[in-house]
Number of protein chains: 2
Amino acid sequence: LRVIVEGKPTEVRAVWFENNRVKMIDQRILPLEFRVLSFCKCSEVAEAIRNMTIRGAPSIGAAAAYGLTLAALSGENLETAANLLRRTRPTANDLFYAIDYMLHAIASGKDPIAAANAYADAIVEKCKRIGKYGSLLIRNNSKVMTHCNAGALASVDVGTALAPLRVAHDEGKNFFVYVSETRPRLQGMRLTSWELLNEGIPHAIIADAASGHYMKKDVDVIIVGADRIASNGDFANKIGTFEKAVLAKELGIPFYVAAPVSTFDFSIESGEEIPIESRSEDEVTEIEGRRIAPIGASALNPAFDVTPNKYVTSFITEIGILKPSEISELKMKR
Amino acid sequence: LRVIVEGKPTEVRAVWFENNRVKMIDQRILPLEFRVLSFCKCSEVAEAIRNMTIRGAPSIGAAAAYGLTLAALSGENLETAANLLRRTRPTANDLFYAIDYMLHAIASGKDPIAAANAYADAIVEKCKRIGKYGSLLIRNNSKVMTHCNAGALASVDVGTALAPLRVAHDEGKNFFVYVSETRPRLQGMRLTSWELLNEGIPHAIIADAASGHYMKKDVDVIIVGADRIASNGDFANKIGTFEKAVLAKELGIPFYVAAPVSTFDFSIESGEEIPIESRSEDEVTEIEGRRIAPIGASALNPAFDVTPNKYVTSFITEIGILKPSEISELKMKR
C-alpha cells in the first residue's frame, strides 16, 4: 500500500517477514502516527493479533503464518504455538485457515519462511483479482459506501472491499466513497480514510448512524469485507454490516461482499454457527482513554454481526463474482 | 428530573426561570460534570441553543420562551429577539411554535414570565401524559431500545421517549433498555444513560451500529423522540433514527415515536419539506477535542434524518396513541 512517510510516498505491506523478524504496521495509532513494529517471538505476534495491532481477516491470517514461522525457526512446539494463535480472536476464518496451512507446510518439510511468504503473496494476488472483478461494479460517477476497513491494512496489501476502488481509480474512473467511521474502534475513520487519502480517492467520513440517510438518496453500491462466510452465504463482518445490508435491500442498493475464498468456512452450514467475539466495554465507554459514559453505566460490545444470505447481492472473490447460492456448488467441487 | 449531586438526589428541570435569569443544565459537559448556567440576556440563551448547551426539541422551545421573556423584561425589540432565536437551529418545530406562542402572549398583554412558565409547565404535563399512554406498550421483562436523548433533559422534565420508561419503572415493571450511543455527540451515552442511571433503570450502552445486531434477537419495542412531524406522519429525528425504523419494519419490531402535539408541523405535507441541519465536520473528525481522522480527510455531519411514515407503528402523544394516518384528521380538527 502507498504510505506517505515524512512527505515521501513509500510502498509497504501491512505485515511482512524481514531478518528473522515479523514486521507490521501498528494499526492502533494510525492515522496520526505511522510506526512499524518488529517481533521475534510467536507469542508477541499472538498478542499483536489479540490487541489489534494488526486486524482484518486476511492480515490476521498472514500474521499468524509468520508467527508460526518464528515458532518453527526457534524450535518451539508447533501445536502449542498454533493453539496460542487460535485463541487470539474467534471470528475470522482466515486465522484458522492460515494456521492449518502452515502446520501442513512445515510437516511436509517446506521452508517455513518461504511457505509464509507464499501465503502472504497469495493473499495479495487474490486481492488484485478481487479488485479486477469488483471494479466492473463501479461506474464513472458512482457513489460507493463501505464500512470498517477491508483495505490493504486488513489484507496484507491492496484490500478486499477497497481493492475494487483501487483498481477503478487506476482505471481513471471518478467516484466518491462514503466511509462510515465504524465505532467503537473507528477503523473507517482512522484506516479506510487514511488509505483512500493516500491513493487520492475522494471520500467523506460519516457517523455510522448517518449511513441510512445517505443510502436513501445518494449511494449506488455498497462493498464490504467479511471475516467468515458460511456454506449458505450468511457471513460475519464488523458490527454494523447487518444494518447496512438490510437498508440496502429496502432501498434497492446492490450489496457486495469482497473476500477471498479462504474466508469461506465450508464446515458450517449457516451464520448461526459463527462465534461472535465480545470485546471490552471500555472500547465503547472510553474514547482515546477518556471516560465518556456516566460512572456506573455499562456497555455491550460485540465486534461482529451476522448478515443472512438473503441480503447479499453477490460475493466478489478471486475466482469471480458468486451468488450466495453458488457457494454450496463451490463446496461440492472441493 | 432526579439528579444525584454530591451523593444527594435533587429534583431539577433542564431549564427554568429564577430571579430574572434563565437557568439551564449545561448538557455539553454531562455526565462527568454537573453545572447549571445562568443567563440574563436573550442573545446568551440563543447562543446556548445554538451551541447545544441545551438541546432536544421541547427543551429548545422552553429555552426560547424564556429567552423572549428576558427580551421582554429588558425592553428589547421582540421581533429582533425572535428572529435571533429562530436562526439558532432549523429542524425542531417546537422552537418556532414556542416563539409564536410567546409573541402572541406578550402582544395580548400577558405577563411574560407567567406565560413562559405556563409553556414549560404544559410541556411537563404533556410528557407525563405521554408517559402514561406509552407505559402501556412496555410489558414486564420487555427489552426496549431508544436512540439519542429524548429524556427529561430534552423536554424540560420527564421526557418524551423516556417518559414511558419512567412511568413503567414507577409502576414496578422490570425491563431493560438498549441505549445507542448516538454519534457524533453521544447524547445516548452521555445523557440517556445518565438519566436512566439516576432513575435506577437497567440498561446498556451500545455503539449505534450494534443496534441491528440486538434488534435481530433481543428487542421488543423501540421508542424514539421527534424534532418535527409532517402532516403525513413523516418525521425528523436525530441522525440514525431512519436506520432503526427500517430495521424495525424488516424485523417486525413495533416502532413508536413519542412527541407532544407541538412537534407536529401541519404547515408541511411531507418530510421532504423539513430542513435538515448540517453541523460542523469537527463533531465527527474530533472527539473530546482530539483529532481522530487523518489530516486532510473531511466528514459530513447531518444532525437529523427523515423517516417516512410507513415505518412508524404509532405516535405516542399527550392526546393518545395515533396512527400516522390519524394526523391529518388532527389537522382538520384544528
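All figures in this text were calculated on a predicted structure; none of them were measured in a lab. Each chain gets a letter, A, B and so on, in the order the sequences are listed, and its residues count up from 1.
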Asks: Which bit of A:Leu32 comes within less than 4.5 Å of chain B, counting heavy atoms only: side chain, backbone, both or neither?
Replies: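 Side chain of A:Leu32 only, per the 4.5 Å heavy-atom cut-off to chain B.
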Asks: Against chain B, label A:Thr241 side chain, backbone, both or neither, depending on which of its atoms sit under 4.5 Å from a heavy atom there.
Replies: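 Contact with chain B is absent: no heavy atom of A:Thr241 under 4.5 Å.
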Asks: Could you tell me which portion of B:Thr182 (side chain, backbone, both or neither) has an atom closer than 4.5 angstrom to a non-hydrogen atom of chain A?
Replies: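 Neither part.
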Asks: By a 4.5 Å heavy-atom criterion (distance strictly below it), what part of A:Tyr214 contacts chain B: side chain, backbone, both, or neither?
Replies: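 Just the side chain, heavy atoms under 4.5 Å.
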Asks: Can you tell me which portion of B:Leu186 sits under 4.5 Å from chain A's heavy atoms? Options are side chain, backbone, both or neither.
Replies: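 Contact with chain A: side chain only.
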Asks: Is it the backbone or the side chain of A:Ile287 that comes under 4.5 Å from a heavy atom of chain B, or both, or neither?
Replies: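 Just the side chain, heavy atoms under 4.5 Å.
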Asks: On the 0 to 90° scale, with breaks at 30° and 60°, tag the B:Phe255-B:Phe235 ring pair as parallel, tilted or perpendicular.
Replies: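 B:Phe255 vs B:Phe235 ring planes: tilted.
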Asks: B:Leu162 and side chain to side chain contact (heavy atoms under 4.5 Å, CB included): which single residue from B:Glu199, B:Glu195, B:His169 fits?
Replies: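 Filter result, single survivor: B:Glu195.
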Asks: Please determine, among B:Leu247, B:Ile206, B:Leu30, the option with the most heavy-atom pairs under 4.5 Å with chain A.
Replies: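 Heavy-atom pair counts peak at B:Leu247.
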Asks: What do the steps show when you test A:Arg183 against A:Asp208 for salt bridge (charged side-chain N to carboxylate O under 4.0 Å, His left out), and what is the final call?
Replies: CA-CA 7 Å; A:Arg183 276 278 290 156; A:Asp208 298 315; over 6 Å; no
Asks: Any idea which of B:Asn301, B:Ile295, B:Ile205, B:Ile239 has the most non-hydrogen atom pairs under 4.5 angstrom with chain A?
Replies: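 Most heavy-atom pairs within the cutoff with chain A belong to B:Ile205.
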Asks: Should B:Arg89 and B:Arg279 count as side-chain neighbours, where that means a heavy-atom distance under 4.5 Å?
Replies: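 Yes; the side chains approach each other to less than 4.5 Å.
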Asks: Against chain A, work out which of B:Ala293, B:Ala207, B:Pro184 has the most heavy-atom pairs shorter than 4.5 Å and name it.
Replies: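 It is B:Ala293.
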Asks: Would you say that more than 12 heavy atoms from the other residues, nucleotides or ligands in this model lie under 6.0 Å from the CD of B:Glu273, or not?
Replies: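 Buried by this count: over 12 neighbours within 6.0 Å.
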Asks: In terms of heavy-atom proximity below 4.5 Å to chain B, should A:Leu197 be classed as side chain, backbone, both, or neither?
Replies: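 Contact with chain B is through the side chain of A:Leu197 alone.
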Asks: Under the side chain to side chain contact (heavy atoms under 4.5 Å, CB included) criterion, do A:Ile268 and A:Arg228 qualify, and how do the steps go?
Replies: CA-CA 10 Å; A:Ile268 61 173; A:Arg228 194 188 294 217; 4.0 Å; yes
Asks: Walk me through it: do B:Met52 and B:Gln27 pass the test side chain to side chain contact (heavy atoms under 4.5 Å, CB included)?
Replies: CA-CA 7 Å; B:Met52 295 177 71; B:Gln27 301 192 28; over 6 Å; no
Asks: Is a salt bridge present between A:Arg190 and A:Glu288, judged by a nitrogen-to-oxygen distance below 4.0 Å?
Replies: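 The answer is yes: the pair qualifies as a salt bridge.
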Asks: What part of B:Leu251 gets closer than 4.5 Å to chain A, counting heavy atoms only: side chain, backbone, both or neither?
Replies: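 Only the side chain of B:Leu251 comes within 4.5 Å of chain A.
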Asks: For the interface with chain A, which of B:Leu191, B:Ile292, B:Leu196 has the highest count of heavy-atom pairs at distances below 4.5 Å?
Replies: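 When all of B:Leu191, B:Ile292, B:Leu196 are compared, B:Ile292 has the most.
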Asks: If you count heavy-atom pairs within less than 4.5 Å of chain B, which of A:Lys216, A:Arg290, A:Arg291 leads?
Replies: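 Most pairs with chain B among the choices: A:Lys216.
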Asks: Where does A:Lys249 contact chain B at under 4.5 Å (heavy atoms): side chain, backbone, both or neither?
Replies: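 Only the side chain of A:Lys249 comes within 4.5 Å of chain B.
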Asks: For A:Leu300, is it the side chain, the backbone, both or neither that has a heavy atom under 4.5 Å from a heavy atom of chain B?
Replies: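 A:Leu300 touches chain B through backbone and side-chain heavy atoms alike.
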Asks: Between B:Phe304 and B:Glu277, is the side chain to side chain contact (heavy atoms under 4.5 Å, CB included) condition met? List the steps.
Replies: CA-CA 7 Å; B:Phe304 304 95; B:Glu277 176 183 8; 3.5 Å; yes
Asks: Please examine the side chains of A:Arg13 and A:Ile25, heavy atoms only from C-beta on, and report whether any two atoms are closer than 4.5 Å.
Replies: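 Of all side-chain heavy-atom pairs linking A:Arg13 with A:Ile25, none is under 4.5 Å.
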Asks: B:Val179 versus chain A, heavy atoms under 4.5 Å apart: side chain, backbone, both or neither?
Replies: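 Neither part, no heavy atoms under 4.5 Å.
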Asks: Given the options B:Gly240, B:Pro294, B:Ala297, B:Pro302, which has more heavy-atom pairs under 4.5 Å with chain A than any of the others?
Replies: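 Option with the greatest count: B:Pro294.
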Asks: Does some side-chain heavy atom of B:Phe175 sit less than 4.5 Å from a side-chain heavy atom of B:Asp220?
Replies: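 No; the side chains remain at least 4.5 Å from each other.
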